[in-house]
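Here the structure is laid out as structure tokens; the discussion comes afterwards.
Quick caveat, the model's predicted, so the values are computed rather than measured.
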Amino acid sequence: MNEERLPRVSKTGNYFSINPLLHELPSYQTLVRGTSTVRRKSILSYPSRTSLRRGESVGDENEQDDRPLREFPISIQEKKKIRAKQDIQISSLATQNIILKKLKWRRLAQGAKENVDRLDPWKKDIHDIEGKFGTGIQSYFSFLSFLVLLNFVMFLLMFTFITLPMVISDHGVLNTTRFHVTSPAIAEECTVYEEFNPKLVLFYSYMTNLLSGTGFLEQTYLFYGFYRTGDMRSWNFHYNLPLAYFITTFAYILLSLFWIVKRAVEGFKQSFIRSEDRFQSFCNKIFAGWDFCIRDERAAELKHRSLQYELKTDLDEERIKQKIADRTQKEKVKIYLLRALLNLLVVLILILCFYCIYKTTVYSQQFNNKENNSGGFTIDLTIEYLPSIVITAANFITPLLFERIIRFEDYSPAFEIKFMLIRSVFVRLANIIVLLVSLWLQITTCDDKDDKECKTCGYNHKLYPCWETRIGQEMYKLMIFDLIIIASVTLFVEFPRKLLVTFCPFPPFSWWGQQQFSVPQNVLAIVYGQTICWIGTFYSPLLPGIATIKYFTIFYIKKISLMTNCQPSTRPFRASSSNFFFLAVLLIGLPLACVPIIISIALINSSKSCGPFINFNTTWEIIPHTINAFPDSLRWLLYGLGSEIFAVPFFIFVCLILFYLVALAAAHKRVVMQLRDQLAMQGRDKQYLIRKLTRESFIAKKRLAVSNAGKQ
């Protein structure tokens, strides 16, 4: 009897199961249907119980099978024994040494990371915010602390390679060469730059200079025009400040790019996984959606509402998708026409904003260029900040208009939020570009077409003797005004609103409610400020230091406002995708910040009266000038790398690598789909086995009851 129940042995020595229960599994039936035309090497083979009884090594028989050990129907103790034997056979002294070294380096890296984390000054503050308001708002403050660190590193970079050599030069430590224009084609008038003459002035003039970057601040290390130094030499040391200025500019851009991309990849993985399957999203919200970091009762109640809102939003999205699928051709034409009209309205709003920024910029520049323009502290400061005021007003008003308009476009809730944020990002960043274009038109356009001085210098030297410093001043004003607005809104809007809602029983105030802490809008505000910093660093090398102080201050302003004045938004922002969203928006701002810098470097003539590039028509000419000083072999190599002969094959090679990575990603995606199908099939197998065991148990109990009744 026992011999008949043993598995049969094939000619090749493999064991074939004759247990009909395994053949009844859904996974086996699917496998047979899917691979009926392909012969398998082995099917459901496992070591016989007789070999286990005889003490034979299951590991030896397992060597003939490609299946993992967990698929064999043996006890856990036996599996542990087999695994131990396999580890002893496989492992060697060299392998153990490699593993020990890897573990040692991993522990050292982990310890170093923990020590660095202990130095984080905001660790406790961020944990407090996470405990009271959850990970969604906590991610905003983590992002803010990242920008503080990024700007501080940028400040160290600019200070070390640009400002510090200039300070050393001014104190006579090194022999330096002060620039003078050597080209006879440049008129002497182009080199005139009136320096600030300290004399008895009113106090409000110093305040105006401090807030606008003019006057005594214009001739400091803060702005581009002060760095009028060429080569620095001391014994065998040689330092080229113009080349260092150019290289450092691209260094901080590349540093920002790599750092942001590195952080964004981690968030993209989680965001991509969570956006794959809608059913998985529902399961995660229902079974794993609670944030166990919350300790505050009010925050817990808001989290309940947040989960309820997210589930409602997902159901609305499914309903709207079904509605879109059921639309008739007439309804589609109607909604597309409506969206076209509303987008036309959005374009008109943008044109109006751009026109207002252009006109105010032109008026402000014309007023500043007048000789007798003193109209008092308030008037002077208002006109100085007029473009900044208009830009800030546009940044505040347009998102409110877009929020009203998008409600009529009949999008899904998730797409509605994303599309509105994209429009808001575009407005904020485009306003900066319009300001710069307005300044460039004033700089490159001569008031009088017969003005020989303007034609000789290549720019409007009469009004802008150092146009790079003027652009740096505009970026400086935008940075300062942005900080003033954030602090003023917290102090004069959110705090009084909190007092009115809390202590005034008037019904409209209760209906008004507390200020909601909207994570996306706050992120857009700091991304706008960071874009200003990226653009202005070329024209104001110490601007990252001001940005570091600004974001450090904003961190505590927002923390105090959140703790005392605000409540989380009723429209939650998913913490799982927040970090990726923040960095994605930041990545949009970085290329836009590079556009004006590249135009200033490559197309517009550099100032002939200030800055490190006096002897060059454009900033870019420092690169060919430096390359021409190299040895012939190195010079021809660099020119070859920049020619089409190298560029075209390199582009083709990069495309091939890109295609390979795309194909690899597609293959990985197919593997993931197969693993998902396998998991689903294993789930069905377990359900089948549970039903089978339940039925067999019921039959056994019934037979036992019948046999007991027969004995009685």
Side-chain angles (χ1 to χ4, degrees), residues 27 30-31 33-42 65-71 86 90 94-95 98-99 101-103 105-106 109-110 113 139 143 146 250 253-284 288 321 414-415 418 422 574-592 594 641-642 644-685:
S27 59
T30 304
L31 183 64
R33 289 194 300 268
T35 59
S36 58
T37 58
V38 181
R39 293 192 54 86
R40 295 177 57 85
K41 294 181 180 179
S42 62
D65 204 311
D66 295 330
R67 292 183 296 124
L69 187 61
R70 65 174 178 272
E71 294 187 3
Q86 291 176 347
I90 295 174
T95 306
I98 293 173
I99 294 173
K101 288 181 180 180
K102 288 183 178 179
L103 290 175
W105 283 109
R106 188 178 300 173
Q110 186 176 1
K113 185 178 180 182
S139 60
F143 178 65
F146 162 70
F250 281 92
I253 292 175
L254 293 177
L255 171 70
S256 303
L257 177 63
F258 291 144
W259 203 342
I260 294 170
V261 168
K262 181 180 179 299
R263 289 177 63 96
V265 167
E266 300 173 0
F268 175 74
K269 293 177 182 178
Q270 298 178 359
S271 177
F272 180 76
I273 291 172
R274 284 172 172 79
S275 62
E276 277 291 305
D277 191 3
R278 177 62 63 183
F279 178 75
Q280 182 183 2
S281 175
F282 283 119
C283 292
N284 289 339
K321 287 180 181 179
F415 183 79
K418 293 177 182 178
I422 290 172
R574 291 178 175 90
S576 60
S577 59
S578 57
N579 290 325
F580 172 69
F581 169 78
F582 300 159
L583 297 167
V585 174
L586 203 60
L587 281 175
I588 295 174
L590 183 58
L592 289 178
C594 294
L641 293 176
E644 295 85 355
I645 298 175
F646 175 79
V648 173
F650 179 75
F651 177 75
I652 295 174
F653 177 71
V654 171
C655 290
L656 291 175
I657 293 177
L658 182 62
F659 292 151
Y660 167 75
L661 293 177
V662 170
L664 188 63
H668 289 168
K669 188 174 182 179
R670 286 194 297 269
V671 172
V672 169
M673 296 300 296
Q674 292 174 1
L675 291 175
R676 285 182 177 177
D677 294 339
Q678 184 177 353
L679 288 174
M681 190 65 67
Q682 288 181 356
R684 288 195 290 269
D685 287 349

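- Contact between Ile260 and Leu583 at its shortest, heavy atoms only, is CG2-O, 3.8 Å.
- Within the model, atoms CZ of Phe651 and CG of Leu656 stand 10.5 Å from one another, a figure rounded to the nearest 0.5 Å.
- Screening Gln682, Gln674, Arg676 for a side-chain contact (heavy atoms from CB on, under 4.5 Å) with Gln678, the sole residue that qualifies is Gln682.
- For CD1 of Ile645, the number of neighbouring non-hydrogen atoms (other residues, nucleotides, ligands) closer than 6.0 Å is 12 at most.
- Heavy-atom neighbours of Phe646 CZ from other residues, nucleotides or ligands within 6.0 Å: above the threshold of 12.
- Considering CG of Leu586 and CG of Leu257, their distance stands at 10.5 Å, rounded to 0.5 Å.
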Stepwise side-chain contact (heavy atoms from CB on, under 4.5 Å) check, Phe143 with Val585: CA-CA 12 Å; Phe143 178 65; Val585 174; over 6 Å; no
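- In this structure, Phe250 places its CZ atom where more than 12 heavy-atom neighbours from other residues, nucleotides or ligands lie under 6.0 Å away.
- Here the straight-line distance linking atom CZ of Arg684 with atom CG of Leu679 works out to 11.0 Å at 0.5 Å rounding.
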